[in-house]
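Report on the structure given below.
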Amino acid sequence: MPELPEVETVRRGLAPVMEGRRFEHVQLNRADIRFPFPDDFIGRLQGAVLERLSRRAKFLVAELSSGETLLMHLGMSGRFVIETGSWPPDSGTHNPKHDHVVFTMSGDDKTMSGKDRPLIIYNDPRRFGFMELLKAGDKGRMAELGPEPLSNSFSGPVLHAALRAKKAPIKSALLDQRIVAGLGNIYVCEALYGAHISPLRLSNTLSEDECEFLSADIKSTLALAIEAGGSTLKDFAAVDGALGYFQHRFKVYDQKGKACPDKHCGGTISRIKQSGRSSFYCDMCQK
DNA sequence: AGGGGGACCTGTGCGC
DNA sequence: TGCGCACAGGTCCCCC
C-alpha cells in the first residue's frame, strides 16, 4: 500500500474536492472489496456532508454531518482518481475495470456547473482495500493502532518501552501497527538503514540510545517522503496523477546488489526474507 | 500469547 | 511470442 506518506499525499489531494461538500451520489460497482461494504452504504452516505478529511496511520478518516465516520483503507493497490462528468470517464486516462466506488460530490456553485461536479473514483486492482462506516465512538479497525509516528506521542522512550518485551526481529516489530502505526515495508527498511540497525536484531536487544536514533529516523524518513509527495510505485500515483519522486531517494529498498549509499562503508545491499517479506539492508553498516 | 506462515487478489516482469 | 513462476506497498486469520 501506500504507506503513511502516500496516504497523507492522497488526503491532501482529496481534501479540496471533498471537504465541505455533500455526497450527491454514491455508486458501488461490486458488493465487496477486501470486505463487504457496510449495510446500506449508499443510503448512509448520500446526502451527508463530508465535514473533515483526516488521516490516522494508513487510514483516511472522513467525518460526516450524519455523525458517522467513513474509514477508507487503500490496501496494497488502492488509489483515488479525480475526474469530472460521469462514470465511466471518457478521458481514457485510466482503465475503469477496477473502479469499485464512485462518489459524486456536490459542486461549488461559484465555479462549477452541474455537470462539472467532482467524481472521486476508488480504483483497486488487488482489492485489498476496504471501507467502513462507524458510529460515534466506534474505532472499527483503528481500535488497536499504536502511536502516530509523527506526533509527540511517539518517541525514543515510547519505542523502547514497546520493544522491551518483544522477541521478534525489529523488522517485524516496526511493521506491527500496534507498536507504531503507519510504517510499511519500504519505510521500515529505510528507517533501519538510517539508524544503522540490522532488520535481524531482536527487538528486546535495542538500547535506549538506539531507540532514540530509530524513532528520530522514522520521523525524518516519513517527513521527507511526505514533503516529496509520497513515493511513486507501480500502483500509486497522487490523486491528480502527478508523480511523486521519493522513489529516487530510496537508499536500500529495492536496491539489492547496489553499493551502500555511504561511500565510506563499501558494503552491498542485500535482500533477505523475513516473515515472508523482503528486507533490504547493508550488513556492513547495519548491526 | 506471540509470532510465523498462508490467504486474500491482480498485474508485471523476468527467464526459458 | 508465450508460458510459468516470483514478486509486489497490507492486513487478517489460523495454528504452533
Side-chain angles (χ1 to χ4, degrees), chain A residues 1-11 29-36 55-60 71-80 94-100 122-132 139-146 149 162-192 199-204 218 221-222 225-226 228-239 243-250 252-257 271-280:
Chain A
M1 145 196 185
E3 301 182 29
L4 186 154
E6 290 75 30
V7 177
E8 177 59 23
T9 301
V10 169
R11 188 197 68 76
N29 294 331
R30 49 182 302 133
D32 58 74
I33 36 180
R34 172 77 196 260
F35 306 112
R55 179 191 56 73
R56 169 78 168 105
K58 304 171 194 173
F59 290 82
L60 289 166
L71 287 194
M72 296 175 282
H73 195 293
L74 304 174
M76 291 275 256
S77 59
R79 66 188 188 125
F80 283 98
H94 83 285
N95 182 348
K97 178 175 173 188
H98 300 295
D99 288 351
H100 307 310
Y122 180 68
N123 179 284
D124 186 356
R126 295 178 73 180
R127 305 202 298 272
F128 289 165
F130 51 88
M131 296 190 186
E132 281 191 292
K139 303 227 166 188
R141 293 175 195 278
M142 295 195 302
E144 306 274 296
L145 292 178
L163 296 178
R164 217 185 184 109
K166 280 200 97 72
K167 294 198 292 193
I170 185 63
K171 168 71 189 302
S172 315
L174 293 180
L175 286 174
D176 184 340
Q177 303 294 296
R178 296 169 301 182
I179 303 286
V180 56
L183 295 179
N185 208 31
I186 293 178
Y187 297 109
V188 167
C189 291
E190 294 294 302
L192 285 171
L200 294 164
R201 278 280 297 286
L202 299 187
S203 302
N204 58 9
I218 287 168
T221 302
L222 294 176
I226 291 172
S231 311
T232 296
L233 291 154
K234 283 194 280 292
D235 296 317
F236 172 77
V239 283
L243 301 181
Y245 50 88
F246 192 72
Q247 62 173 343
H248 301 304
R249 298 190 194 174
F250 289 159
V252 292
Y253 183 82
D254 207 21
Q255 304 300 311
K256 181 188 171 187
R271 182 176 78 182
I272 59 170
K273 280 277 183 198
Q274 291 183 281
S275 308
R277 311 193 64 189
S278 291
S279 294
F280 297 88

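All of these numbers come straight from a predicted model, not from anything done at the bench. Convention: sequence-line order gives letters A, B, ...; per-chain numbering from 1. Just the heavy atoms: all of them, side chains too, but no hydrogens, waters or symmetry mates, feed the values below.
- The distance between atom CZ of A:Phe128 and atom P of C:dC13, rounded to the nearest whole Å, is 14 Å.
- Of all nucleotides listed (B:dG4, B:dT10, C:dG10), C:dG10 comes nearest to the side chain of A:Met76.
- A side-chain donor-acceptor contact under 3.5 Å links A:Ser203 to the backbone of A:Ala168.
- Interface remark: the A:Arg127 side chain does not form any donor-acceptor pair with the B:dT10 base, using a distance-only criterion of under 3.5 Å.
- Between A:Ser77 and B:dC9, a side-chain N or O to OP1/OP2 separation shorter than 4.0 Å is absent.
- Nucleotides C:dT11 and B:dA1 place their P atoms 23 Å apart, quoted to the nearest Å.
- Here the C1' atom of nucleotide C:dG10 and the CG atom of A:Asp124 are 11 Å apart, to the nearest Å.
- With both ends at atom P, the span from C:dC3 to B:dC9 equals 24 Å, rounded to whole Å.
- With DNA chain C read from its 5' end, the first of the two nearest nucleotides for A:Arg271 and A:Arg277 is the one closest to A:Arg271.
- For the pair A:Gln177 and C:dT11, the criterion of a side-chain N or O lying under 4.0 Å from OP1 or OP2 is met.
- No side-chain donor-acceptor contact under 3.5 Å links A:Gln177 to the backbone of A:Gly146.
- Straight-line distance from the CD atom of A:Gln274 to the P atom of B:dG3: 13 Å, rounded to whole Å.
- Taking each heavy atom of A:Leu175 and A:Gly184 in turn, the nearest pair found is CD2-C, 3.4 Å.
- Checked by atom type and distance alone, the side chain of A:Glu3 never pairs as donor or acceptor with a backbone atom of A:Lys58 at under 3.5 Å.
- Of the side-chain N and O atoms in A:Lys166, one or more sit less than 4.0 angstrom from OP1 or OP2 of B:dG3.
- Proximity note for A:Ser275 (side chain, C-beta onward) versus C:dC7, B:dT10, B:dG4: the nearest is B:dG4.
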Base-pair map of DNA chain B as dot-bracket, where | denotes pairing with a different strand and pairs are Watson-Crick or G-U under 3.5 Å: .|||||||.|||||||
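- Taking 4.0 angstrom as the limit, A:Lys256 places none of its side-chain polar atoms (N or O) nearer than this to OP1 or OP2 of C:dC7.
- Nearest heavy atom pair, residue A:Ala191 against residue A:Ile218, reads CB-CG1, 3.7 Å.
- Rounded to a whole Å, the NZ atom of A:Lys97 is 8 Å from the C1' atom of B:dT10.
- B:dG2 atom C1' lies 16 Å from atom CG of A:Leu175, rounded to whole Å.
- Side-chain N or O atoms of A:Glu132 include none that pairs as donor or acceptor with a backbone N or O of A:Gly140 at under 3.5 Å.
- Remark: A:Lys167 is not in phosphate contact with B:dA1, judged by side-chain N or O atoms under 4.0 Å from OP1 or OP2.
- Side-chain nitrogen and oxygen atoms of A:His98 include none within less than 4.0 Å of the OP1 or OP2 phosphate oxygen of B:dC9.
- You'll find that the side chain of A:Asn185 is closest to C:dG10, out of C:dC7, C:dG10, C:dC12.
- Distances from the side chain of A:Arg34 to the nucleotides B:dG3, C:dT11, C:dC7 place C:dT11 closest.
- Remark: the separation of the P atoms in B:dG5 and C:dC7 is 15 Å, to the nearest Å.
- The interatomic distance linking A:Ile33 (CD1) with C:dT11 (P) rounds to 14 Å, in whole Å.
- Side-chain atoms of A:Pro169 and A:Leu200, non-hydrogen and from C-beta on, never get closer than 4.5 Å to each other.
- Rounded to whole Å, atom P of B:dG2 lies 10 Å from atom CD1 of A:Ile179.
- Interface remark: the A:Arg126 side chain does form a donor-acceptor pair with the B:dC9 base, using a distance-only criterion of under 3.5 Å.
- In this structure, A:Phe59 places its CZ atom 7 Å from P of C:dC12, rounding to the nearest Å.
- Minimum atom distance to the side chain of A:Ala168 is reached by B:dG3, of the listed B:dG3, C:dT11, B:dG11.
- For the pair A:Lys166 and A:Ile179, the minimum side-chain heavy-atom distance is below 4.5 Å.
- Picking from B:dG4, C:dA8, C:dC12 the nucleotide with the shortest atom distance to the side chain of A:Arg141 gives C:dC12.
- Heavy-atom neighbours of A:Arg30 CZ from other residues, nucleotides or ligands within 6.0 Å: above the threshold of 12.
- A:Lys58 has a side-chain polar atom (N or O) that falls below the 4.0 Å cut-off from OP1 or OP2 of C:dT11.
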